[in-house]
Amino acid sequence: MNVLGLDFTSRPRRSKPITCLHCAFDGENLRADQIENLPEFDAFDEVLRRPGPWIAGLDFPFGQSRQFIENIGWPQDWEGYVLHAASLGREGFREALTAYKESRPKGDKEHRRQTDIEAGAISPQKLYGVPVGLMFFEGAHRLIRADVTIPHLRAGDPDRIVVEAYPGLLARNLIRRRSYKNDTRKKQTADHFDARRKILEAVTSEETGNELGFRVEADPSLADDPTGDDLDALLCAVQAAWAWRDRDNRYGASGEVDALEGWIVGGVISNST
């Protein structure tokens, strides 16, 4: 099976492209191959439309919280509110989220999905810092327009499957909450590199392979990128392969998935180093 891991950004460019790692998965071994840099959304759209079979793990929120969608009065189905958000335009979307926050009491302005709570992820409404709200805005509607299948959300082309990955979840399982990357050059440290090296060593270890149910093979150079994008793309691919392995068991989802909110591939491994 062809497996893709994509580290997403809400504003791709040559200096900060969407990173796509191509992998091969035979059910027992996940082998990382070449990296493809996608400096604009057209290139990302082209990847989504490539003929399958493949499964891809993408690290942006596919949905918003039920509480937010119900409160703001957007369409009460996933495709409906995703396309509505896209119709607002980037600035209109930003303004809608900002106005919503201003109308809410302190401590109840940005809501998390149930899957965000379980994975330790931030609210998909977030516009600053790590702007996952803008990542949702730019990414989710492209999945619909590419007609991919998203387990528990939509049935599209069965040979092109996309799951929501969260590399931070897997990284924490491997090195706890140790920092391992930074986009700002002056803040990139030797300790970050050591942390990335430890993540890569751990994810390719026999112990982790036993917990995953398959071995991961990757070149050590994936730890060299100080932004962590290459390594995050690998972690996304690992989560996608894990979901594919459990495709006959609801892609590994535990419990019911809220079809309004979406679902992060989780529960991958439990060990820490």
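Residues W242 and L212 have side chains in contact (heavy-atom distance under 4.5 Å, counting atoms from C-beta outward). At least one side-chain heavy atom of L83 sits less than 4.5 Å from a side-chain heavy atom of I144. Put simply, the side chain of N29 does not reach to within 4.5 Å of the side chain of F214, judged on heavy atoms. Inter-residue side-chain proximity for C236 and P167 is flagged as met; some heavy-atom pair is nearer than 4.5 Å. Side-chain contact check for V148 versus I161: every heavy-atom pair is 4.5 Å or farther apart. Residues V82 and W78 have side chains in contact (heavy-atom distance under 4.5 Å, counting atoms from C-beta outward). Within the 4.5 Å cutoff, side-chain heavy atoms of V216 are placed close to those of L234. In this structure, H192 and S179 have side chains that are in contact, with non-hydrogen atoms separated by less than 4.5 Å.
When atom types are taken as modelled, the side chain of R172 and the backbone of A119 share a donor-acceptor pair closer than 3.5 angstrom. Of the possible polar contacts, none joining the N249 side chain to the G252 backbone as a donor-acceptor pair under 3.5 Å is found. A side-chain donor-acceptor contact under 3.5 Å links E261 to the backbone of Q114. With hydrogens and angles ignored, the 3.5 Å screen pairs no side-chain donor or acceptor of T149 with any backbone N or O of A155.
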Exercise for review: Begin from the C-alpha positions of F62 and V163 and carry the test side chain to side chain contact (heavy atoms under 4.5 Å, CB included) through to its verdict.
Suggested key: CA-CA 9 Å; F62 291 2; V163 294; 5.5 Å; no
Practice item. Please step through salt bridge (Lys or Arg N to Asp or Glu O under 4.0 Å) for the pair R50 and E36, ending with a clear verdict. Key: CA-CA 14 Å; R50 287 178 187 167; E36 181 180 10; 2.7 Å; yes
Check your understanding: After noting the C-alpha distance and the side-chain angles of T227 and N182, does the key distance pass the side chain to side chain contact (heavy atoms under 4.5 Å, CB included) rule?
Key -> CA-CA 5 Å; T227 68; N182 201 293; over 6 Å; no
Review point. For K181 and D232, what are the C-alpha separation, side-chain angles and deciding distance, and is it a side chain to side chain contact (heavy atoms under 4.5 Å, CB included)?
Key: CA-CA 10 Å; K181 60 182 179 177; D232 281 349; 2.5 Å; yes
**Study point:** Chi angles and distances behind the side chain to side chain contact (heavy atoms under 4.5 Å, CB included) call for L260, Y81
**Key:** CA-CA 9 Å; L260 194 67; Y81 78 73; 3.7 Å; yes
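Aromatic ring centres of W74 and F68: separated by under 6.0 Å.
One distance of note links CD of E102 with CD of E95; it measures 10.5 Å at 0.5 Å rounding. Atom CG of D59 and atom CD1 of I18 lie 9.5 Å apart (nearest 0.5 Å). Note: D258 CG to T115 OG1 = 10.0 Å, rounded to the nearest 0.5 Å. In this structure, CZ on R13 lies 8.0 Å from CZ on R11, to the nearest 0.5 angstrom. Atom CD of E201 sits about 11.0 Å away from atom OG1 of T208, to the nearest 0.5 Å. From D230, atom CG reaches atom CZ of R196 across 9.5 Å, with rounding to the nearest 0.5 Å.
Note on V265: it does not cluster hydrophobically with L4, by side-chain heavy-atom contacts below 4.5 Å among ILVMFWY residues. With hydrophobic clusters built from ILVMFWY side chains whose heavy atoms lie under 4.5 angstrom apart, F41 shares a cluster with V47. Follow the hydrophobic side-chain contacts under 4.5 Å out from I55 and you never reach V162; the two are in separate clusters. Two different hydrophobic clusters hold M1 and L58 under the rule that ILVMFWY side chains link at heavy-atom gaps under 4.5 Å. Hydrophobic clustering places L30 together with I35 (ILVMFWY residues linked when any side-chain heavy atoms are closer than 4.5 Å, directly or through intermediates).
Residues Y100 and N71 have side chains that bring a donor and an acceptor to within less than 3.5 angstrom of each other.
Looking at R250 and D246, no side-chain N of the basic residue comes within less than 4.0 Å of a carboxylate O on the acidic one, giving no salt bridge. Salt bridge status for R49 with D147: absent, with no side-chain N to carboxylate O gap under 4.0 Å. Taking 4.0 Å as the cut-off between side-chain N and carboxylate O, R154 and E79 count as a salt-bridged pair. We find that D191 and R178 are joined by a salt bridge, their nearest charged nitrogen and carboxylate oxygen being less than 4.0 Å apart. Under 4.0 Å is where a charged nitrogen must lie from a carboxylate oxygen, and between D26 and R31 no such pair does. Taking 4.0 Å as the cut-off between side-chain N and carboxylate O, R94 and E138 do not count as a salt-bridged pair.
Across every non-hydrogen atom of K198 and I175, the tightest pair is CB-CG2, 4.2 Å. Summarising the geometry of A171 relative to I199, their closest heavy-atom pair is CB-CD1, 4.1 Å, with the distance given to 0.1 Å. Across K16 and D229, no two heavy atoms sit closer than the pair NZ-OD2, 2.8 Å. Across A218 and L222, no two heavy atoms sit closer than the pair CB-CD1, 3.8 Å. Taking every heavy atom of both residues into account, D108 and Q67 meet most closely at OD1-NE2, 3.6 Å. Shortest non-hydrogen contact noted between A56 and L6 is CB-CD1, 3.9 Å.
Within 6.0 Å of CD in Q34 there are more than 12 heavy atoms belonging to other residues, nucleotides or ligands.
In this structure, the side chain to side chain donor-acceptor pair (under 3.5 Å) partners of R113, at least two apart in sequence or on a different chain, are D116, E164. Y180 is linked by a ring-ring contact (aromatic ring centres under 6.0 Å, His included) to nothing, counting only residues two or more places apart in sequence or in another chain. Take H152 and apply the ring-ring contact (aromatic ring centres under 6.0 Å, His included) test, not counting sequence neighbours, and it matches W263. A search for ring-ring contact (aromatic ring centres under 6.0 Å, His included) contacts involving F44 returns F8, not counting sequence neighbours. Here Y251 pairs with nothing under the ring-ring contact (aromatic ring centres under 6.0 Å, His included) rule; sequence neighbours left out.
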Return a table of donor-acceptor pairs under 3.5 angstrom between the side chains of residues 125-136 and protein atoms on other chains or two or more places apart.
residue : atom : partner : partner atom : Å
Q125    : OE1  : H111    : N            : 2.8
Q125    : NE2  : K109    : O            : 3.2
K126    : NZ   : E110    : OE1          : 2.9

